[in-house]
Amino acid sequence: KNEVEQSPQNLTAQEGEFITINCSYSVGISALHWLQQHPGGGIVSLFMLSSGKKKHGRLIATINIQEKHSSLHITASHPRDSAVYICAVRERGGSQGNLIFGKGTKLSVKP
Amino acid sequence: DGGITQSPKYLFRKEGQNVTLSCEQNLNHDAMYWYRQDPGQGLRLIYYSQIVNDFQKGDIAEGYSVSREKKESFPLTVTSAQKNPTAFYLCASSMGVAGGRETQYFGPGTRLLVL
């Protein structure tokens, strides 16, 4: 069974700091997703990756398929970035429609 | 505005009662999903549907039922057989289930509490 592990579980940063959140998984995948869950519970998809790197504004997501690892970076962090960041993977050859989710990393950015 | 809506925001269930959670999308997406979120755990898939009149069980389907009679709607019924229904329920939709079509759009969620 594919396990999705995120680190750290909790992260506190000062405004302006560079943030890195890590995601590791145990079996081959066809895609990896990064999502953001706001304090009220709403979830937004940030990135879908199958290789390389993607950038959107201050957010950068990278994936290393050989090492089964992905990172989400936030540059110039801001208090509005405070949220839970969730990694999810689709197993290669797995059931269509079934993502496996990590438990999330709770980020708090202090002004 | 295109989006995905869930109702109600909060729902209370009495012992032995079935309750239905609503999920509607106007994004013209083929695929829809129901997830359950418990504190300290990742999202877990209850059911998903790739197309109208078809749906598949996820990892924790026992005690739940769904229907997909219309493309826009994917209601979830929490039956009395679900012994621990207290959780946050999230509905999502996507254009498809693989490739560039699998990015999911989430509704605001429904919190279900058992009285």
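The sequence lines fix the lettering, A, B, ..., with proteins before strands; numbering per chain opens at 1. Because the structure is predicted, anything quoted here is derived from the model rather than measured.
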Any chance you could lay out the side-chain contact (heavy atoms from CB on, under 4.5 Å) test for Ile60(A) and Leu72(A), step after step, and finish with the verdict?
CA-CA 6 Å; Ile60(A) 303 165; Leu72(A) 177 69; over 6 Å; no

Pick from His38(A), Met48(A), Lys106(A) with the largest number of heavy-atom pairs that fall under 4.5 Å of chain B:
Met48(A)

What's the verdict on side-chain contact (heavy atoms from CB on, under 4.5 Å) for Leu112(B) and Tyr10(B), showing C-alpha distance, side-chain angles and the deciding distance?
CA-CA 6 Å; Leu112(B) 176 61; Tyr10(B) 296 95; over 6 Å; no

Against chain B, label Gln37(A) side chain, backbone, both or neither, depending on which of its atoms sit under 4.5 Å from a heavy atom there.
side chain

Are Glu102(B) and Arg90(A) close enough for a salt bridge, meaning some N to O gap below 4.0 Å?
yes

Filtered by a 4.5 Å non-hydrogen cutoff, the part of residues 30-46 of chain B contacting chain A is Tyr33(B), Tyr35(B), Gln37(B), Gly40(B), Gln41(B), Gly42(B), Leu43(B), Leu45(B)

Please check if Tyr48(B) and Ile4(B) belong to a single hydrophobic cluster, counting links between Ile, Leu, Val, Met, Phe, Trp and Tyr side chain heavy atoms closer than 4.5 Å.
no

Using the six-membered ring wherever Trp is involved, compare the ring planes of Tyr47(B) and Phe55(B) and label them parallel, tilted or perpendicular (cut-offs 30° and 60°).
perpendicular

Flag for Asn18(B)-Thr77(B): side-chain donor and acceptor within less than 3.5 Å:
no

Measure distances from Ile43(A) to the heavy atoms of chain B and classify the residue's part below 4.5 Å as side chain, backbone, both or neither.
both

Decide yes or no on side-chain hydrogen bond (donor to acceptor under 3.5 Å, both in side chains) for Ser70(A) and Trp34(A), but give the supporting numbers first.
CA-CA 9 Å; Ser70(A) 175; Trp34(A) 281 103; 2.9 Å; yes

